[in-house]
Peer 1: 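A single structure is presented below for examination.
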Amino acid sequence: MSEKKREWTWEADGMKVVRSIARSGPGCHQGCGVLVYVKNGKLVKVEGDPEFPSNQGRLCPRCLALTEVVYHPDRLKYPLRRAGERGEGKWERITWEEAYETIANRFNKIKTEYGPESVIFSNGTARDVIIYSARLAYTFGSPNRFGFLQGNACFIPKIATMAALFGDFAVADCAQFFPSRYEDPNWRVPSCIIIWGNEPTIASPDGFMGHWIIECIRRGSELIVVDPRRTWIATRAKEWLQIRPGTDAALALSMLNVIINENLYDEAFVEKWTHGFDELRQRVQEYPPEKVAKITWIPREQIIEAARMYATSKPATIQWGVAVEQSKECVATLHAITALWSVTGNMDVPGGNIIKSRLFDLGRLNRWGVETLTEEQKKKRIGLGLYPFPDWAGIIPRKPTIEQMLTGSPYPIRGAWIQGSNSFTCAAAFPKTVHEALRKLEFVVVVDLFMTPTAMALADIVLPAATYPERDGIAIAGGIGTYVGTINKAIEPVGECKSDMEINLELGKRLNPKAWPWKDIREMFSALIETTGMTFEELRDKGYAYDPLEYKKYEKGLLRQDRKPGFETPTGKVELYSTVLENCGLDPLPYFEEPPESPISTPEIAKEYPLVLTTGARTWGFFHSEHRQIPSLRRMNPDPLTEIHPETAEKLGINDGDWIYIESKYGRCKQKAKLTKGINPGVVHSQHGWWFPEKPGPEPSLFGVWESSINLLLPPGWTGRSGFGYPYKSQMCRVYRTEEAQNA
Ligand SMILES: Nc1nc2c(c(=O)[nH]1)N[C@H]1C(S)=C(S)[C@@H](COP(=O)(O)OP(=O)(O)OC[C@H]3O[C@@H](n4cnc5c(=O)[nH]c(N)nc54)[C@H](O)[C@@H]3O)O[C@H]1N2
Ligand SMILES: Nc1nc2c(c(=O)[nH]1)N[C@H]1C(S)=C(S)[C@@H](COP(=O)(O)OP(=O)(O)OC[C@H]3O[C@@H](n4cnc5c(=O)[nH]c(N)nc54)[C@H](O)[C@@H]3O)O[C@H]1N2
Ligand code: SF4
Ligand SMILES: [Mo]
């Protein structure tokens with residue numbers, strides 16, 4: 001283990017400085033090191049911690065807006081109880097004691113009448129909150145942890161697919177597992193990096209920081225970018241492959257076709273460590289570049305060039321984003337891309353795609369407390385057995401859950417705990433159905449920083465959560481688990497806000513005291529990280545801790561439980577032909593399937609809705625539906641934007657800055673046109689997660705949530721055969737301008 005002794009708080013320039021980690025809002029969920037400055041008990045400013053290896057002093061605008069968020073007048077400050085009709089916006093302030101009592105009584109009432117499974121527990125994207133929310137669910141007796149994302153189409157498909165194919169989880173190697181970072185002698189700069197369906201500089205997804213790529217560029221890496229939009233990172237690429245949304249699997253298979261047919265693969269690695277190469281070789285014959293050029297809209301020569309460049313650069317790595325999961329058959333896409341780094345021998349080598357260190361076995365924390373569920377309760381999990389893929393993440397599938405809420409069959413859902421999720425505002429596809437389903441519940445608690453459309457529409461009790469400078473916590477970096485460190489409280493919370501951890505511990509003690517035995521959160525944190533051999537205080541004093549990283553673990557017997565060389569799969573190899581997928585009744589080889597609606601799969605729909613719609617590319621100022629009320633961030637992007645090519649706009653009589661309707665078979669919304677040559681004339685891109693905190697809160701407005709919600713255009717159903725994946729980023733639409741739209 002490598003660690004460093006550092007003070008966690010000191011005085012400077014008449015201020016108290018507290019070292020901490022931004023592992024949950026406000027900002028995002030990635031976990032950058034920060035220095036929080038406090039004067040007379042008040043937060044003054046925040047800076048990036050130059051000594052924190054992951055971000056080395058860098059911060060995004062969202063983190064820099066910390067004081068604006070913490071002291072925002074709209075922060076929730078007290079527990080609230082609904083005083084009028086649901087959604088009417090009438091609230092009364094109650095004490096924490098009353099809040100806990102009410103919640104415990106109402107949840108226990110549902111438990112007695114229907115069973116604990118009738119309460120679902122939801123949290124949004126991967127903040128540290130998840131750990132405690134999951135424990136609350138399991139220790140209450142409910143197997144039903146719920147995410148509003150259709151097809152669990154964020155990160156979970158990657159975990160599941162990689163686990164199936166090679167028994168582990170791999171990420172692009174930018175020296176992130178070394179505290180000494182780029183200076184570490186064992187690391188090598190990737191000679192080529194493919195950025196696939198990701199804008200790392202804006203999004204830093206899953207704890208993978210965009211500036212790592214920039215550091216690699218500075219050290220000589222060349223880029224290939226696969227993106228329908230000309231992103232900043234695309235302008236830095238040697239090859240920008242402007243792909244038609246939803247066709248990534250075809251591109252990957254065609255690159256494999258070139259690499260295999262031109263013998264550019266790593267014969268030694270393929271021979272020794274992969275299973276099913278011949279079957280893959282046969283399959284990729286179906287994807288010659290000339291055919292795939294027509295599918296993807298990428299010129300044939302460019303596909304060939306990119307394939308050659310990736311295969312002949314050593315080492316080479318692939319950094320993929322959420323766009324590769326937000327298609328229907330995303331498992332096949334992930335499979336094809338994984339095969340690229342496997343056949344080229346870039347698996348677990350310095351500067352390749354490396355298998356992540358197990359970080360003190362903290363991966364288990366996503367399901368912390370699951371052992372308290374009885375076998376009988378486990379069987380009541382919604383959607384059990386519905387989809388073939390093993391349940392890796394423990395999140396119930398969305399479609400049957402919403403259906404069950406609406407029908408009450410096979411058993412009723414009566415209550416919900418929604419902690420750090422803005423449900424129908426952001427994550428949910430066909431959000432009106434989700435809104436309707438949730439409105440049927442008899443008792444809903446929302447824990448958030450602000451009064452969101454979700455809290456307004458649904459909550460019986462709203463609990464005010466503390467931001468990270470107002471609390472202690474354990475930070476396990478983003479989704480990829482590079483380090484573990486502590487979040488250190490710098491200021492007293494505003495109003496009566498409490499940390500999510502304290503809230504869940506207090507409520508847990510009332511619902512199942514045996515399962516929450518700790519006297520306070522610090523004691524709970526120490527129990528949480530016991531596998532590190534440190535207490536909360538010891539870890540805090542050390543600063544951060546990393547697991548040691550070794551490369552080529554498959555050669556050293558470090559990947560398999562039985563300690564034999566190889567991978568933790570039935571064949572002991574990387575399964576290009578997957579026996580796990582085969583056993584699930586899925587295609588054992590990667591394949592491409594047209595998006596359910598596309599110019600090719602549904603030409604009749606394309607006649608009426610001729611443009612391909614991709615949604616939700618991340619923006620600098622916002623984290624999903626957050627930050628619309630933060631002045632400095634809203635100024636960066638005051639209105640919801642839809643990007644259109646100027647030629648397309650001209651044909652439609654649309655000018656830059658016009659309000660336009662974007663419409664699909666399923667619904668429509670209004671956004672402002674932003675003309676850009678950086679998008680294909682056949683494609684438009686619309687932002688997601690919009691609501692307007694400045695508009696009326698009560699129903700039916702709900703802060704204008706239905707006005708610009710692009711998710712209204714998304715179709716019902718259409719989860720991939722595996723149970724994962726959903727076409728958030730590949731739909732058909734039309735756009736038009738009306739006079740009425742300009743004034744409304
Ligand atoms: N600032 C900010 N950062 C964030 C978030 C945020 O809301 N704001 N959200 C966080 C979360 S939860 C996530 S999952 C990550 C996601 O972060 P990213 O993985 O970067 O995801 P996106 O920005 O949605 O999409 C990335 C790129 O994919 C392109 N794209 C769209 N459709 C397709 C397609 O069909 N194929 C390909 N190849 N590319 C396509 C888009 O043009 C975009 O540039 O970001 C995290 N970080
Ligand atoms: N059309 C379209 N839709 C998408 C996407 C897309 O690309 N296109 N991307 C999807 C993806 S990848 C994801 S992950 C989902 C994300 O969807 P969500 O995770 O639901 O994201 P948010 O809407 O930001 O909801 C988070 C809520 O948590 C609150 N919050 C922030 N910090 C804390 C905290 O510390 N404690 C508590 N209790 N609350 C906190 C925020 O105020 C906010 O209301 O959205 C998805 N939606
Ligand atoms: S990635 Fe940006 S917003 Fe997220 S924690 Fe780091 S600095 Fe903050
Ligand atoms: Mo996400």
Side-chain angles (χ1 to χ4, degrees), residues 23-30 60-62 76 122-129 133 147-150 153-155 195-206 208 210 225-234 241 243-248 251 319-327 333 418-429 446-450 452-455 463-468 471 473 478-479 499-500 503 595 612 614-627 643 678-679 683 685-689 691 709-711 713-714 727-731:
R23 180 62 182 94
S24 68
C28 78
H29 59 195
Q30 316 300 5
C60 305
R62 300 181 308 285
L76 290 166
S122 156
N123 40 252
T125 187
R127 298 173 185 89
D128 56 342
V129 177
S133 176
F148 286 94
L149 210 53
Q150 184 80 358
C154 174
F155 202 55
I195 308 283
W196 205 312
N198 175 222
E199 171 39 306
T201 53
I202 293 179
S204 290
D206 312 317
F208 183 100
V225 169
V226 186
D227 199 304
R229 297 163 56 244
R230 189 179 56 212
T231 55
W232 182 86
I233 204 83
L241 310 185
I243 193 165
R244 169 164 69 94
T247 63
D248 297 273
L251 173 63
Q319 159 57 20
W320 51 10
V322 82
V324 296
E325 291 163 288
Q326 295 193 333
S327 60
T333 310
I418 301 179
Q419 186 168 27
S421 161
N422 206 349
S423 66
F424 59 81
T425 312
C426 185
V446 174
V447 193
D448 208 297
L449 310 176
F450 289 93
T452 59
T454 300
L463 300 179
T467 59
Y468 75 80
R471 66 170 172 91
S499 73
D500 290 278
I503 295 170
V612 177
T614 176
T615 69
R618 307 320 190 221
T619 58
W620 281 110
F622 304 134
F623 193 69
H624 293 296
S625 72
E626 289 184 61
H627 304 130
E643 292 170 325
I679 196 160
V683 179
H685 162 255
S686 300
Q687 293 180 347
H688 80 302
W691 59 294
S709 165
I710 198 67
N711 291 15
L713 280 74
L714 302 178
Y728 279 98
K729 296 208 193 289
S730 43
Q731 275 305 302

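Both ligands and their constituent atoms are indexed starting at 1 by order of listing.
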Peer 1: Going by heavy atoms in the side chains, are Ser421 and Ser122 under 4.5 Å from each other?
Peer 2: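 Yes, side chains in contact.
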Peer 1: Using a strict 4.0 Å cut-off to heavy atoms of Thr452, name the atoms of ligand 2 that fall inside it.
Peer 2: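 This gives 44 (O) as the contact atoms.
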Peer 1: State plainly whether the residues Asp128 and Arg471 are in salt-bridge range, i.e. N to O under 4.0 Å.
Peer 2: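 Salt bridge flag = yes for Arg471 with Asp128.
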Peer 1: State the atoms of ligand 2, each with its element, that fall below the 4.0 Å cut-off from a heavy-atom position in Ile710.
Peer 2: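 Answer, ordered by atom number: 1 (N).
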Peer 1: When you measure from the heavy atoms of Thr425 to every atom of ligand 2, does any distance fall below 4.0 Å?
Peer 2: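 Checking ligand 2 against Thr425, which is what was asked, there is no heavy-atom contact under 4.0 Å.
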Peer 1: Numbering the atoms of ligand 2 from 1, which are under 4.0 Å from a heavy atom of Gly25?
Peer 2: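 Atoms satisfying the 4.0 Å criterion: 32 (N).
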Peer 1: Examine Asp500 against ligand 2 and note whether any of their N/O atoms are separated by less than 3.5 Å.
Peer 2: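 Such a contact does occur with ligand 2.
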Peer 1: Just how far is it from atom CZ of Arg127 to atom CD of Gln419, taken to the nearest 0.5 Å?
Peer 2: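 Reported value, rounded in 0.5 Å steps: 10.5 Å.
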Peer 1: Just checking, is any N or O donor in the side chain of Ser327 or Ser730 under 3.5 Å from an acceptor N or O on the other one?
Peer 2: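 The criterion, which ignores hydrogens and geometry beyond distance, is not satisfied for Ser730 and Ser327.
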Peer 1: Just wondering, do Glu626 and Phe450 contact through their side chains at under 4.5 Å, heavy atoms?
Peer 2: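 Sidechains of Glu626 and Phe450: no contact.
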Peer 1: How does Thr467 reach ligand 2, if at all, at less than 4.0 Å between non-hydrogen atoms: by side chain, backbone, both, or neither?
Peer 2: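 For Thr467, no heavy atom sits under 4.0 Å from ligand 2.
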Peer 1: Taking the side chain as everything from C-beta on, heavy atoms only, tell me whether Tyr728 gets closer than 4.5 Å to Val322.
Peer 2: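 Answer no - side chains too far apart.
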Peer 1: Return a yes/no value for Asn711: is any of its N or O atoms, backbone included, closer than 3.5 angstrom to an N or O of ligand 2?
Peer 2: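 Min N/O separation from ligand 2 is below 3.5 Å for Asn711.
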Peer 1: Just which atoms of ligand 2 are under 4.0 Å from any heavy atom in Ala465?
Peer 2: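 Answer, ordered by atom number: 36 (N), 37 (C), 38 (N).
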Peer 1: Number the atoms of ligand 2 from 1 as they appear, then name those within less than 4.0 Å of a heavy atom of Ser24, with their elements.
Peer 2: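 Those qualifying, in numeric order: 35 (O).
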Peer 1: So for ligand 2, is Val447 a polar contact partner (N or O within less than 3.5 Å, distance only)?
Peer 2: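 Yes, there is a polar N/O contact under 3.5 Å.
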Peer 1: Is the shortest heavy-atom distance from the side chain of His624 to the side chain of Asn422 under 4.5 Å?
Peer 2: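 Side-chain contact under 4.5 Å: no.
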Peer 1: Among Asp227, Thr333, Asp248, exactly one meets side chain to side chain donor-acceptor pair (under 3.5 Å) together with Trp196. Which residue is that?
Peer 2: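 With Trp196 as partner, side chain to side chain donor-acceptor pair (under 3.5 Å) holds for just one option, Asp248.
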Peer 1: Any heavy-atom pair between the side chains of His688 and Cys426 that's under 4.5 Å?
Peer 2: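 Sidechains of His688 and Cys426: in contact.
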Peer 1: Taking side chain as C-beta onward, heavy atoms only, is Pro245 less than 4.5 Å from His685?
Peer 2: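 Of all side-chain heavy-atom pairs linking His685 with Pro245, none is under 4.5 Å.
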Peer 1: Does a side-chain heavy-atom distance below 4.5 Å link Ser709 with Trp691?
Peer 2: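 They are not in side-chain contact.
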Peer 1: List, ordered by chain and residue number, the protein residues whose closest non-hydrogen atom lies under 4.0 Å from any atom of ligand 1.
Peer 2: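 Protein residues near ligand 1 are His29, Gln30, Arg62, Thr125, Cys154, Trp196, Gly197, Asn198, Glu199, Ile202, Ala203, Pro205, Val226, Asp227, Pro228, Arg229, Thr231, Ile243, Pro245, Gly246, Asp248, Gly321, Val322, Ala323, Thr614, Gly616, Ala617, Arg618, Thr619, Phe622, Phe623, His624, Lys729.
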